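Worth saying up front: this structure is predicted, and the values here are computed from it rather than measured. Chain identifiers are assigned alphabetically (A, B, ...) following the order of the sequence lines, protein sequences preceding nucleic acid strands; residue numbering begins at 1 within each chain.
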Amino acid sequence: MARSKRGSATINSSSMADIAFLLLIFFLVTTTIANDKGLTLQLPPNPDDVEQTDVKIPERNIFKILLNSSDKLMVENEPMDDPRQIRELVKEFVLNNGVNKSLSDSPQKAIVSIKTNRGTSYEKFIEVYNEVQGAYYDMYAARAGVTNKKWREIASKTSDPDNKRIYDLARADFPMQISIAEPNKSN
Amino acid sequence: MGKFKKKQKADPEIPTSALPDIIFMLLFFFMVTTVLRETTINVQQRIPRATELRKLQRKSLVSYLYMGRPQNISMFGGEPKIQANDVFIEVKDVIMWVEKEKAKLDEVERDQITIAFKVDEDVKMGMISDVQMELRKANARKLMYSTPQRVDE
């Protein structure tokens, strides 16, 4: 009698860990880690709202990238195999400041144009677009005196006043002008 | 000598009383960092990778559009389709979908809506540019090509 009365007064909690594990596994299965990263892009306004004006942009201020339906790449009228070469070419083009006669007058006037075909694959387009954006991020990062990765962190969090200051300083008079043209229907 | 004997009798078991607490902490960590899966994705999603990624500033302003071949080809055919929320939509329905998504947001934030594309690598640019044109008409001009990080050699 005395023995049974003296039995441990605590609740047996050894299965608590198992219950918690079950809950944990349930949440692991039903949730996804938020993947909210990607390549950003600002679309131009609705074509019906803008007045159609013919603006002549000098040939030298446009850096032309063409992608055809079989995913072949042409940069400044020359075929290219590896999209990774684009990055250095874009930097050279934008930072030319009028030195080379065939490249841009100034970073403000430089425009990078990417023109695809309706049959171009999304995969190839992303590869090319990634390089062009990367080139701009590299240049901004150099102006801000940080690494490319750090620059992208700053640009993604402009609500912080310190970041905002660095961001505005590096972006001043240095617009990112990437034009994504309407795709061709033919070839 | 007696002292030594006592020590050897010490409990050889590892105390496990803190284990539930540790697991609960893990659980809370996962509950906070993850979101519940809202939609079942009915299109193939082999998303091309990129390196120059940026994070979105406000998650609540994002609406997702999925594009790719339907997973159930016998039922929906093998041509790439657009999926919004739980249903397939046509290109012409995009404007209406954007309006619906905008209506979910606060009035002051409506023009800040961001559309995130989750597109299969096989989709052609013709479809993408059609959708982009509709987004321009719907005045939802913030766009993101949602991609995973590529790790370069």
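Residues A:E127 and B:P48 fail the side-chain proximity criterion, which asks for heavy atoms closer than 4.5 Å.
Residues A:L41 and B:Q132 come closest through the heavy atom pair CD2-NE2, 4.1 Å. Nearest heavy-atom pair across A:I126 and B:R49 is CG2-O, 4.2 Å. Here the closest heavy-atom approach between residue B:K124 and residue A:G119 is recorded as CD-O, 3.1 Å. Pairing each heavy atom of A:A17 with each of B:P20, the nearest pair is N-CG, 3.8 Å.
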Could you walk me through whether B:M125 and A:L67 pass side chain to side chain contact (heavy atoms under 4.5 Å, CB included), step by step?
-> CA-CA 10 Å; B:M125 284 309 287; A:L67 272 166; over 6 Å; no
Given A:K124 and B:E121, is the side chain to side chain contact (heavy atoms under 4.5 Å, CB included) satisfied, shown in steps?
-> CA-CA 8 Å; A:K124 198 76 185 173; B:E121 59 190 21; over 6 Å; no
Going through the checks in order, is the side chain to side chain contact (heavy atoms under 4.5 Å, CB included) test met by A:R118 and B:D130?
-> CA-CA 10 Å; A:R118 285 193 75 86; B:D130 287 347; 2.7 Å; yes
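Both the backbone and the side chain of A:T40 come within less than 4.5 Å of a heavy atom of chain B. Residue B:A138 does not touch chain A at all, counting heavy-atom pairs closer than 4.5 Å. B:L56 touches chain A through backbone and side chain together, each having a heavy atom under 4.5 Å away. With a 4.5 Å cut-off on non-hydrogen atoms, A:Q42 touches chain B through its backbone and its side chain both. Using a 4.5 Å cut-off between heavy atoms, A:F26 makes no contact with chain B at all. Heavy atoms of B:A116 lying under 4.5 Å from chain A are absent altogether. If you measure heavy-atom distances from A:F125 to chain B, the contacts under 4.5 Å come from the side chain alone. With a 4.5 Å cut-off on non-hydrogen atoms, B:M67 does not touch chain A at all.
Scanning residues 146-170 of chain A against chain B with a 4.5 Å heavy-atom cutoff picks out A:N148, A:R152, A:A155, A:S156, A:K157, A:T158, A:S159, ordered by number.
Atoms CG and CZ, from A:L24 and B:F29 in turn, are 10.5 Å apart once rounded to the nearest 0.5 Å. Here the CG atom belonging to A:L43 is positioned 5.0 Å from the CG atom belonging to B:L143, to the nearest 0.5 angstrom. The CG atom of A:L23 sits 13.5 Å away from atom CZ of B:F30, with the distance rounded to the nearest 0.5 Å. Once rounded to the nearest 0.5 Å, the distance linking CZ of B:F24 with CZ of A:F21 reads 12.0 Å.
Residue B:N72 places its CG atom among more than 12 non-hydrogen atoms of other residues, nucleotides or ligands, all under 6.0 Å distant. Summarising the local packing, NZ of A:K115 is surrounded by more than 12 heavy atoms from other residues, nucleotides or ligands at distances under 6.0 Å.
Put simply, of A:P45, A:A20, A:S15, the one with the most heavy-atom pairs under 4.5 Å next to chain B is A:P45. Looking only at heavy-atom pairs under 4.5 Å with chain A, the residue among B:L19, B:V123, B:V119, B:N139 that has the most is B:V119.
No continuous path of ILVMFWY side-chain contacts below 4.5 Å connects A:M74 to A:L89, so the two sit in separate hydrophobic clusters. Hydrophobic clustering places A:L39 together with A:I180 (ILVMFWY residues linked when any side-chain heavy atoms are closer than 4.5 Å, directly or through intermediates). Taken together through direct or relayed side-chain contacts under 4.5 Å among Ile, Leu, Val, Met, Phe, Trp and Tyr, A:I86 and A:I62 form parts of separate hydrophobic clusters. Both B:V91 and B:I128 sit in one connected hydrophobic cluster of ILVMFWY residues. Membership requires side-chain heavy atoms under 4.5 Å apart, directly or through other members. Hydrophobic clustering (side-chain heavy atoms under 4.5 Å, transitive across Ile, Leu, Val, Met, Phe, Trp, Tyr) keeps B:Y66 apart from B:V94.
Checked by atom type and distance alone, the side chain of B:R136 never pairs as donor or acceptor with a backbone atom of A:N46 at under 3.5 Å. Although no hydrogens or angles enter the test, the distance criterion places no donor-acceptor pair under 3.5 Å between the side chain of B:R54 and the main chain of A:K37. Of the possible polar contacts, one joining the A:N130 side chain to the B:T51 backbone as a donor-acceptor pair under 3.5 Å is found.
Ring centers of B:F117 and A:Y122: at least 6.0 Å apart, outside the cut-off.
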